[in-house]
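In what follows, a structure is listed as structure tokens, so that the remarks can point back to it.
Order of the sequence lines sets the chain letters (A, B, ...), proteins ahead of strands, with each chain counted from 1.
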Amino acid sequence: MKKGDHLFLVDGSGFIFRAFHALPPLTRKSDGLPVGAVSGFCNMLWKLITNARDTSVGVTPTHLAVIFDYSSQTFRKELFPEYKANRSAPPEELVPQFGLIRQATVAFNLPCIETEGFEADDIIATYARQATEAGGDVTIISSDKDLMQLVTPCVHMYDSMKDKQIGIPEVIEKWGVPPEKMIDLQALTGDSIDNIPGVPGIGPKTAAQLLDEYGDLDTLLARAGEIKQAKRRENIIANADKARLSRTLVSLRTDVPLDMPLDGLVLEPQDGPKLIAFLKAMEFTTLTRRVAEVTGADASAVDPVEVTVEWGADAHGPDVGEGAAALPEPAKAGAVSAISAPAVSPDALTPASLAAARAATFKGAKIDTEAYETVRDSAALDRWIALARETGVVAFDTETTSLDPMQAELVGFSLAVADNTVDAAGTAVRACYVPLSHKSGRGDLLGGGLVEDQIPEREALARLKPLLEDTSVLKVAQNLKYDYLLMKRLGIEIAGFDDTMLLSYVLEAGTGSHGMDALSERWLGHTPIAYKEVAGSGKGAVTFDMVEIARATAYAAEDADVTLRLWHVLKPRLIAEGLATVYERLERPLVPVLARMEERGISVDRQILSRLSGELAQKAAAFEAEIYELAGETFNVGSPKQLGDILFGKMSLPGGSKTKTGQWSTSAQVLEDLAAAGHDLPRKIVDWRQLTKLKSTYTDALPGFIHPETKRVHTSYSLAATTTGRLSSSEPNLQNIPVRTAEGRKIRTAFIASPGHKLVSADYSQIELRVLAHVAEIPQLCRAFDEGIDIHAMTASEMFGVPVEGMPAEVRRRAKAINFGIIYGISAFGLANQLGIERSEAGEYIKRYFERFPGIRDYMDKTKAEAREKGYVETIFGRRAYYPEIRSSNPQVRAFNERAAINAPIQGSAADIIRRAMIRMEGALSHAGLGEKAKMLLQVHDELIFEVEDEAVEATLGVVTQTMENATRPSLEMKVPLKVDARAAHNWDEAH
DNA sequence: CCCCAACCGTA
DNA sequence: GTACGGTTGGGGG
């Protein structure tokens, strides 16, 4: 190395963590292997090698090395055993990427440097010193503050993520001291992440000020008595030794013995095929193409290299490049090694076999509900929190006074961690319950107060908050949205979580319940204590705060225990089934989004509903009188049984049909037919039913959902209720507010914006038909959507040869019914019912439709075959819907399942699309400066409702429309455009 | 008190 | 013909 040479030193270990946390969407290979950090690393290296001059570094390297940590056993650990002791295990998705990044380095023809007993930082310091002494310049590719002490006029750092060079001025700007004082500064402040003690109470600002005043640490310590602030003075004097120890720990060594001399770091030309083979194995298509272009290699002639994937605790190790195929023992495996014991033959180590082994281990493992700990004081709670940090995964569950998270008050919470101290036969999970506000059982003058020996809620929450908000500790919960919302109301935003309910839902939507009790039966062979066994049911029910603490502990801690076991079983299956992306992109991120929507609620005008209710009552009463007159007697009009007897018994009207229980059917369809045949009574029943339905379900019920404090209505969305991926809404259901009839729409006028705001409604136009056009690749449909043509008129025109211009409404209506029928997995029976025509005629229509659109029949046949073969169908984003009964020998059952299987990819893909839009929406609004002005409130399958400040309405309409219309991108480009209609008004009726 | 059937509101 | 949730009546325990 000589003057003019420029050495780049890449902090490989640092980059991995940085990339992992900075790159938001988790990137995975098609087999589920997480490769986000590897991708970031490769892109960064490629840019540095080919294009560093155009970055803010501004020079091209002549030498380059990538430096890694060898292991956690370093000289610092010998000096200070607690060094880095409270580091939690790396995130699960990160573990296999350590080895891959080393392999990437080799593929780039770059030296991969590591030395036993030293950290990457020391190696970097040593090379930087040597290079400077030889007259060269150095750029350290890292933004780690621990390396800033190395910055000199000849040594710069470079933050590749922010494309920002860090020199002396930048260090001073950031820390208030020049690089040569960074060591002293760090000695004073310490570092909680690396467990460097420092001086308590001294942060960067104070440290910089002190160093500015006294010059350096030694002077400061010598003259500490002069410090004016008493507390600070005592602190520094008392902790002088700690400061000196800290200084040694943060000082980087520049004398590390190096196997590779500086001249060995000369940047070699790229070996195109070698690099491409690796990039292909990682499925980095864009970078593969670029590398092929630049190196002149023929990418298509290169086979992907076999990569080594290590999931285990040794993934930090240096061994690279050899070994067998993927070995996805899930991360954190070490933590549960005691219970994931069953031997699996080495050649059977596939994701699927490992998932199966996990399932076998946990199935039937004994769960002892008497073995749980009741946490009575903060010291005990702190021990559990430390345990959670140590293992990196903790199950969390709250116990409250209500199923409604907006009303619920916290009573206690439970935690569970994997126990790696017991043998394979023992209990493998440890759990505890932390009671906070249990009351004594007696409600008389003496009792009813708080039970003794409970941690005060504020104190417990203060201790819990850092754990729950720390993304490096995974919180596992069942139906986390509930706990998320509850904790958010208490000032805690849970971050870094998994939800066992959602894991189950992604793995097997369509096969039964995803509730905890059902999952426990299914996967653990264990029946958890029933809630009603603890808190009673019906009239004898009490709120959980009245439950005796010992009993509460058994119940609550078991829930956390079971949840953690389920996670151990289900999470590996996600990888094995290739469903990690669905879970991580469509499911998990929606939890906080929905929680915030639920928390916001929507304003409902009580007066409007009350007035409507009165009107409906009057009108219904008038109908009742007429009904009794026509019937010749009074009866309960709301009783289909009594009504059937009147209509078909007493009055012996013709055309009655029976329900499957043998009752007379009084459905709207039957009554409409009778009305059309000239009978007066049925018409009046239909009208009466509409009015009473509106009254009982909407105008009377909705006010009861207005929250006493927020004065708004907070629905609850279920993420795991449908087979197709749609959400569902309940308590109240705001996804079935009337819209079709004028009378019904009046109810929508009661949903209003706050003063100074508008409601914005944005809905996808014909999204399911567009999805159909895309998945079945129907040219006419695609063209019609491209050109914005009326899709039902186009269908009618194709089928019946009628020109679109001047088409009779009835012809279009029939085509529209057929289009909907197609989406629903059409049958002649159903279409005939819908259109009121003969089944044979409906059959003709379908036949003609398939002649004009043969691609639709192909799609339907293909979907049915897929469902029969695999038991499930998939949406365009890979979500599965299972139909276990599709092979039923009962033709009706089978046909029903076939229609559902045809519908699911269409309905489900539309659901995926709006989910993506919702997940991005808050970010998009914030980006446009609307984060505080426009709030998403409701989702109704293809519609999103927002509440927006008046002045921000125009801007919001644009952002919302764009976000929704672009929701599939960049993952997927549809063959038809998505169209969104959006408008604003004071109430929901006018906005829709 | 619990559960089911019938009916009907939405996409 | 698909997917939901809520209300009511009514039967059984």
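- Regarding A/Leu769, its CG atom lies at a distance of 15 Å from the P atom of B/dA11, rounded to whole Å.
- Within 4.0 Å (heavy atoms only), A/Gly821 reaches at least one base atom of the nucleic acid.
- The side chain of A/Ser696 lies closest to C/dT8, out of C/dG6, C/dT8, C/dT2.
- Listed nucleotides: C/dT2, C/dG5, B/dA11. Nearest to the side chain of A/Arg740: B/dA11.
- Nearest-nucleotide assignment on DNA chain C puts the 5′-proximal partner with A/Asn833, out of A/Asn833 and A/Thr697.
- Nucleic acid contact for A/Gln663: none, since no nucleic acid atom lies under 4.0 Å from a heavy atom of the residue.
- Distance from the side chain of A/Asn736 is smallest for B/dT10 among the nucleotides B/dC8, C/dG6, B/dT10.
- At a threshold of 4.0 angstrom between heavy atoms, the contacts of A/Ile737 are confined to the sugar-phosphate backbone, with no base atom among them.
- Out of B/dA11, B/dC7, C/dA3, the shortest distance to the side chain of A/Tyr824 is found at B/dA11.
- Taking the six-membered ring where the residue is Trp, the centroids of A/Trp688 and A/Phe623 are separated by 6.0 Å or more.
- Distance from the side chain of A/Lys693 is smallest for B/dG9 among the nucleotides B/dG9, B/dA5, C/dT2.
- Mapping A/Thr724 and A/Glu731 onto DNA chain C by nearest heavy atom places A/Thr724 at the nucleotide closer to the 5' end.
- Side-chain atoms of A/Arg689 stay outside donor-acceptor range of the base of B/dA6, with no qualifying N/O pair under 3.5 Å.
- The listed nucleotides are C/dT2, C/dG10, B/dG9; the one nearest the side chain of A/Phe896 is C/dT2.
- For C/dG5, the base has no donor-acceptor partner in the side chain of A/Asn733 [N/O atoms by modelled type, under 3.5 angstrom].
- Of the candidates B/dC7, B/dG9, C/dT2, B/dG9 carries the atom nearest the A/Tyr698 side chain, counting heavy atoms from C-beta on.
- Remark: the A/Glu943 side chain and the A/Ser761 side chain contain an N/O donor-acceptor pair separated by less than 3.5 Å.
- Summarising the base pairing, C/dG13 is matched to no nucleotide, lacking a Watson-Crick or G-U wobble pair whose two defining distances lie under 3.5 Å.
- Side chain of A/Gln642 to backbone of A/Asn636: a donor-acceptor contact under 3.5 angstrom is found.
- Between A/Tyr845 and A/Phe800, a ring centre-to-centre spacing shorter than 6.0 Å is recorded.
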